[in-house]
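Here the structure comes first, spelled out in structure tokens, and everything after it is commentary.
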There are 2 protein chains.
Amino acid sequence: MFRGQYVHSISDNGRVSIPAKFRELLNVKYSSNTIIVSMFENCLLAYPKIEWEKLESKMLDLPSFKKETVDFERYLIGNASECQLDSEGRINISPVLRKNLNFKKSVVFVGILTRFEIWDEKLWEKNRESGFKKFQKSRDQIDEI
Amino acid sequence: MFRGQYVHSISDNGRVSIPAKFRELLNVKYSSNTIIVSMFENCLLAYPKIEWEKLESKMLDLPSFKKETVDFERYLIGNASECQLDSEGRINISPVLRKNLNFKKSVVFVGILTRFEIWDEKLWEKNRESGFKKFQKSRDQIDEI
DNA sequence: TCCTATATGCCAAAATATGACAAAATCTGC
DNA sequence: GCAGATTTTGTCATATTTTGGCATATAGGA
């Protein structure tokens, strides 16, 4: 499972290396070094290809011209890109995504079970306080655990 | 699958190159460099020929005198045109379509699984905020995922 | 038929992505 | 705390993609 936080720097042309722990998981558990990166709220969202394809196959069954489908897919698929890790475990993040999320010098990788997020470091730091508050609030909503 | 966003500039006479990633998919998966381009909401909608034909055959099954069918088909089929990519992977967009959609300097290609959209960049940027809101809303509607 | 506007083909420059290598930084076991 | 191993980062060369320019072809309108 993806877990924990790692801060990495990102080069001028958008290259950034995936944490070694995450790479190992991709190798061992998913036997693949392909991930799909898309946008979410204020951060990138990355899935191992197999996990992502589960999502896509569900989307293919949706009525393709219905407004909700289009809005959903235009955002989630329209911002997605497939990345192969290179020989040193790096990926490229497209100019569009970097611009949207205001990626500057460093980014934070946040592991979340079957996926991980990528945040601009500054924004991540800024949200730390409110993140804690949101966590406190969420505790009361989550009855299943 | 078509995924992600690419910004390309469009020449004065309406020539624009299809993103390399999309071209590769056309080659590898569809073994064809023919696409069908039609109009959609504020943007163009493009399908590989095979996908377009699937769509057409589904339409043939619709009740052909029903008002919704006629309205739907008249718009989607009536605006469609077939394009071959040239040797550098470019297509031409007719003056009529460019005028309708107000295509100026740059356009954005948005991959959506079996098809892709083409937007005027300015308009796409203007809609980014509301696009995110629509995505947030649609998440609640799409309970399969 | 000729003229104009648009479409097409070809070439090459500019911009961008990719791959390989090595230096720097960090982690690990002792 | 140290030595060796691993990980992360920076740099440069190369390949690919995108763009612009120009010449030619084609079609439609006067």
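Throughout, protein chains are lettered first and strands after them, A, B, ... in sequence-line order, and every chain is numbered starting at 1.
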Side chain to side chain donor-acceptor pair (under 3.5 Å) contacts touching residues 98-112 of chain B (sequence neighbours left out): B/N102-B/K104
With clusters built from Ile, Leu, Val, Met, Phe, Trp and Tyr whose side-chain heavy atoms come within less than 4.5 Å, directly or transitively, what are the remaining members of the cluster of A/M1, listed by chain and number?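 When side chains under 4.5 Å apart are linked, the cluster holding A/M1 also contains A/L113.
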Starting from B/Y47, walk the hydrophobic network (Ile, Leu, Val, Met, Phe, Trp, Tyr; side-chain heavy atoms closer than 4.5 Å) and list everyone else you reach, by chain and number.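 Under the 4.5 Å side-chain rule, B/Y47 groups with A/F65, A/V70, B/I36, B/F40, B/L45, B/W52, B/L55, B/M59, B/L62, B/F72, B/L76, B/I77.
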Kindly check if the number of other-residue, nucleotide or ligand heavy atoms within 6.0 Å of CD (B/E24) is above 12?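 Not more than 12 within 6.0 Å, no.
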More than 12 foreign heavy atoms under 6.0 Å from CD of B/E129: is that the case here?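 12 or below, so no.
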Expressed as a whole number of angstroms, how long is the span from B/I10:CD1 to C/dA7:P?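 Result: 11 Å.
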What pairs of donor and acceptor atoms, side-chain ones from residues 138-145 of chain A against any protein atom, are under 3.5 angstrom apart with sequence neighbours left out?
from   : atom 1 : to     : atom 2 : distance (Å)
A/S138 : OG     : A/K134 : O      : 3.4
A/S138 : OG     : A/F135 : O      : 2.6
A/R139 : NH1    : A/Q136 : OE1    : 2.3

Difference in axis direction between the ends of the helix from C/dT1-D/dA30 to C/dC30-D/dG1, five pairs, 10°: 40°
DNA chain D-proximal residues of residues 31-39 of chain B, any heavy atom under 4.0 Å: none
Relative to the 5' end of DNA chain D, which residue comes earlier, A/S17 or B/V7, by the nucleotide with the nearest heavy atom? A/S17
salt_bridge([X], [Y]) N-O dist < 4.0 Å:
X: A/R74; Y: B/E117; answer: yes
X: A/E125; Y: A/K122; answer: no
X: A/R115; Y: A/E51; answer: no

Going by side chain to side chain donor-acceptor pair (under 3.5 Å), name the residues that satisfy it together with B/N13, two or more places apart in sequence or in a different chain. B/S11
Taking only N/O atoms, report every protein-nucleotides 16-21 of chain C pair under 3.5 Å with atom names and distance.
from   : atom 1 : to    : atom 2 : distance (Å)
C/dG19 : N7     : A/R15 : NH2    : 2.4
C/dG19 : O6     : A/R15 : NH1    : 3.2
C/dG19 : O6     : A/R15 : NH2    : 3.4
C/dA20 : N6     : A/R15 : NH1    : 3.4
C/dA20 : N6     : A/R90 : NH2    : 3.2
C/dC21 : N4     : A/E88 : OE1    : 2.8

In chain order, what residues pass the side chain to side chain contact (heavy atoms under 4.5 Å, CB included) check against A/N127, with sequence neighbours excluded? A/W119, A/L123, A/S130
Do A/F103 and A/V37 share a hydrophobic cluster, counting only Ile, Leu, Val, Met, Phe, Trp and Tyr and linking them when any side-chain heavy atoms are less than 4.5 Å apart? yes
So B/I18, base contact, sugar-phosphate only, or nothing? Heavy-atom distance under 4.0 Å.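 Answer is sugar-phosphate: B/I18 comes under 4.0 Å of backbone atoms only.
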To the nearest 0.5 Å, how far apart are CG in A/L85 and CD1 in A/I35?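 Output value for this atom pair is 5.5 Å.
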Rounded distance (nearest 0.5 Å) linking atom CG of B/L26 with atom NZ of B/K21: 14.0 Å
With a strict under 4.0 Å distance from non-hydrogen atoms of chain B, what nucleotide opens and what nucleotide closes the contacted stretch of DNA chain D, reading 5' to 3'? D/dT17 to D/dG21
Under the ring-ring contact (aromatic ring centres under 6.0 Å, His included) test, residues paired with A/F2 that sit two or more places apart: A/F22, A/F116
Any residue in residues 100-125 of chain A with a heavy atom nearer than 4.0 angstrom to DNA chain C? Just list them by number, or reply none. none
